[in-house]
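Values in this document were obtained by computation on a predicted structure and should not be read as measured data.
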Amino acid sequence: MGDRVILHCDLNCFFASVELLSHPDLRDIPTAVCGDPASRHGIILAKNEPAKRLGIQTAETIWQAKKKCPGLVLLPPHHGLYREYSRRVNAIYEQYTDLVEPFGIDESWLDITGSMHLFGGDPKAIADTLPRRLRQTISVGVSFNKVFAKLGSDYKKPDATTVISRENWQDIVWPLPVGDLLFVGRAAGRVLHQYGVETIGQLAACSPQMLETLLGKLGLQLHEYANGLDGSPVRPAGQQEPVKSVGNGTTFPKNLTRWEEVQRGLAVLSDSVAMRLRQQGLYCGGVSVSLRNAQFRTVSRQMRLPAPTHLMKDIWQSATELTRRLWKAPEPVRMLTVTALYITDSADSFQQLDLLEAPVVSRQQEKQEKLELTMDAIRGKYGRGSISFGLPGEERAGWDD
């Protein structure tokens, strides 16, 4: 059986490109899409090529961008428009193959192994036809696995096609910085840097045992990726990948400096996460909290739970305990994120109960479950804001003291 032929298609400067369809006069003028400074989301979300050439970067603040380019044109985002255009783009991809897997709003993998002969048999030629059909500049990677296809789309931008084949992959991939590899985030990158691993080739040469010691299962996965051993499938349209986490985060209108404010923020986020778990019939076996301060420094920590849950009270209590370890008042808190981990579809998975205490715990959990399901029903009928949890000691719904 021969190699797969996989494309990774990345729409260049997606938000800005979609906006410029309605503003063609701005195509050659430095232009950026940005959030609203009044709501503290005043960062650059996307920029066009002229702005990029002037050093404007995604996620930098508007005032930083304006220092580089005082004449920068700023446009507000239209997320509904981007989702609609993304849907149309994936519909075009599906004319080439039914194996289309979106990766975010502006990227998709296509497995054209079985349909390539219908379009001339040359994967590069197929890739080169896509920009004309999409009315967008697009970078495409062509390879025999998903990881290298994505590296190919990142390799040369904008409006380029890069083929990473069995014959050339070591020459192209191994000299690249290790941070270019899929799933090598900042934390993993820092660990690898401490041990002198700077390139993908150096990562490939590491022993799997060392990487597992440093990074756990992720280390083994990255070793396979660096050696071209990714066998993950491109999932057919509509096929959902198993849920691995459910999270929610928010940037607050003003920095939080008091413990009561942080608790309330955690309560709102935990409530949202728990409700989403219940809606999907899922439970979590762990919780993580991420905290970002006024200097945009982010710290995070996670913990296992004694038993799977989808109850707000359990998630909130764990998130509170984690935040106590992470935060020293009155350091300003700009953003909080609560994430449910170790997702399962059963409340019995990896559950360990003390048999002497099981009946008491069971009654408490049953009472809390009924309460939160009742709140779900009220919200379903009267809206999300019709009822909410209060903190322990407050005269509001939601706590079993």
Side-chain angles (χ1 to χ4, degrees), residues 1-12 14 89-90 92-134 136-185 188-189 199-206 208 218 220-237 239 241:
M1 187 174 178
D3 277 333
R4 296 180 296 166
V5 180
I6 295 176
L7 311 183
H8 184 268
C9 302
D10 185 358
L11 295 161
N12 303 140
F14 179 56
V89 166
N90 280 291
I92 292 174
Y93 295 156
E94 288 168 7
Q95 295 174 13
Y96 292 88
T97 174
D98 62 339
L99 299 177
V100 177
E101 179 182 347
F103 186 61
I105 196 169
D106 58 349
E107 304 178 39
S108 294
W109 280 290
L110 287 67
D111 187 336
I112 62 171
T113 309
S115 57
M116 187 169 52
H117 64 284
L118 301 173
F119 304 95
D122 181 353
K124 187 176 188 305
I126 296 170
D128 288 342
T129 66
L130 291 172
R132 294 193 299 273
R133 297 200 61 191
L134 302 177
Q136 296 278 331
T137 59
I138 179 174
S139 296
V140 183
V142 183
S143 194
F144 53 90
N145 66 46
K146 289 168 66 176
V147 170
F148 285 178
K150 175 158 175 58
L151 279 173
S153 70
D154 292 336
Y155 190 74
K156 190 175 180 182
K157 293 177 181 286
D159 201 16
T161 299
T162 301
V163 178
I164 299 179
S165 66
R166 287 285 182 188
E167 292 70 37
N168 69 9
W169 73 267
Q170 293 181 0
D171 293 333
I172 292 178
V173 172
W174 278 359
L176 295 174
V178 71
D180 287 358
L181 192 64
L182 190 64
F183 299 133
V184 178
T199 68
I200 297 177
Q202 290 172 332
L203 176 64
C206 291
L218 176 63
L220 295 176
Q221 184 181 43
L222 294 179
H223 185 264
E224 290 189 350
Y225 287 176
N227 282 284
L229 300 176
D230 169 43
S232 59
V234 175
R235 298 180 181 275
Q239 186 182 100
E241 187 173 1

Residues 119-131 side chain polar contacts: donor-acceptor under 3.5 Å, at least two apart:
from, atom 1, to, atom 2, distance (Å)
Asp122, OD1, Lys124, N, 3.1
Lys124, NZ, Asp128, OD2, 3.1
Asp128, OD1, Thr161, OG1, 2.7
Thr129, OG1, Tyr96, OH, 3.3
Thr129, OG1, Ile126, O, 2.6

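Side-chain atoms of Asp154 and Asp180, non-hydrogen and from C-beta on, never get closer than 4.5 Å to each other. Residues Val100 and Val234 form no side-chain contact, since every pair of their non-hydrogen atoms from C-beta on lies 4.5 Å or further apart. Taking the side chain as every heavy atom from C-beta outward, Ser153 and Val140 never approach each other to under 4.5 Å. Counting only heavy atoms from C-beta outward, the side chains of Tyr155 and Leu176 approach each other to under 4.5 Å.
Counting all heavy atoms, side chain and backbone alike, Leu110 lies closest to Cys9 at CD1-SG, 3.9 Å. Between Thr137 and Pro158 the shortest heavy-atom distance is OG1-CB, 4.5 Å. In terms of heavy atoms, Ile172 sits closest to Val163 at CD1-O, 3.8 Å. Closest heavy-atom contact between Phe144 and Gly228: CE1-O, 3.8 Å. Nearest heavy atoms, Phe148 versus Val173: CE2-CG1, 3.9 Å. Closest of all the heavy-atom pairs between Pro102 and Ser108 is CA-OG, 3.5 Å.
A distance of 9.0 Å separates CD of Gln221 from CG of Leu181, quoted to the nearest 0.5 Å. Rounded to the nearest 0.5 Å, atoms CD1 (Ile138) and NE2 (His8) are 9.5 Å apart. How far CG of Leu182 is from CG of Leu151: 8.0 Å, rounded to the nearest 0.5 Å. Considering CG of Asp111 and CE of Met116, their distance stands at 9.5 Å, rounded to 0.5 Å. In this structure, the separation between CZ on Phe14 and CD on Gln136 is 6.5 Å, given to the nearest 0.5 Å. Atom-to-atom distance recorded for Trp109:CH2 and Leu99:CG is 14.0 Å, nearest 0.5 angstrom.
Under 3.5 Å, the side chains of Ser139 and Asn12 contain a donor-acceptor pair of N or O atoms.
For Asp171 (side chain) and Asn168 (main-chain N/O), no donor-acceptor pair under 3.5 Å exists by modelled atom type. Remark: the backbone N or O of Arg235 is paired with a side-chain donor or acceptor of Glu101 at under 3.5 angstrom. With hydrogens and angles disregarded, a donor-acceptor distance shorter than 3.5 Å links the side chain of Gln202 to the backbone of Thr199.
With sequence neighbours left out, Asp230 forms a side chain to side chain contact (heavy atoms under 4.5 Å, CB included) with Asn145, Lys146, Val147, Tyr225, Ser232. The side chain to side chain contact (heavy atoms under 4.5 Å, CB included) test applied to Leu118 returns Ser115, not counting sequence neighbours. Scored by the side chain to side chain contact (heavy atoms under 4.5 Å, CB included) test, Pro208 finds Leu220, His223 as partners (sequence neighbours excluded). Residues forming a ring-ring contact (aromatic ring centres under 6.0 Å, His included) with Tyr93 (at least two apart in sequence, or on another chain): none. Taking the side chain to side chain contact (heavy atoms under 4.5 Å, CB included) definition, one finds that Ala204 meets it with Trp174, Ala226, Asn227, sequence neighbours left out.
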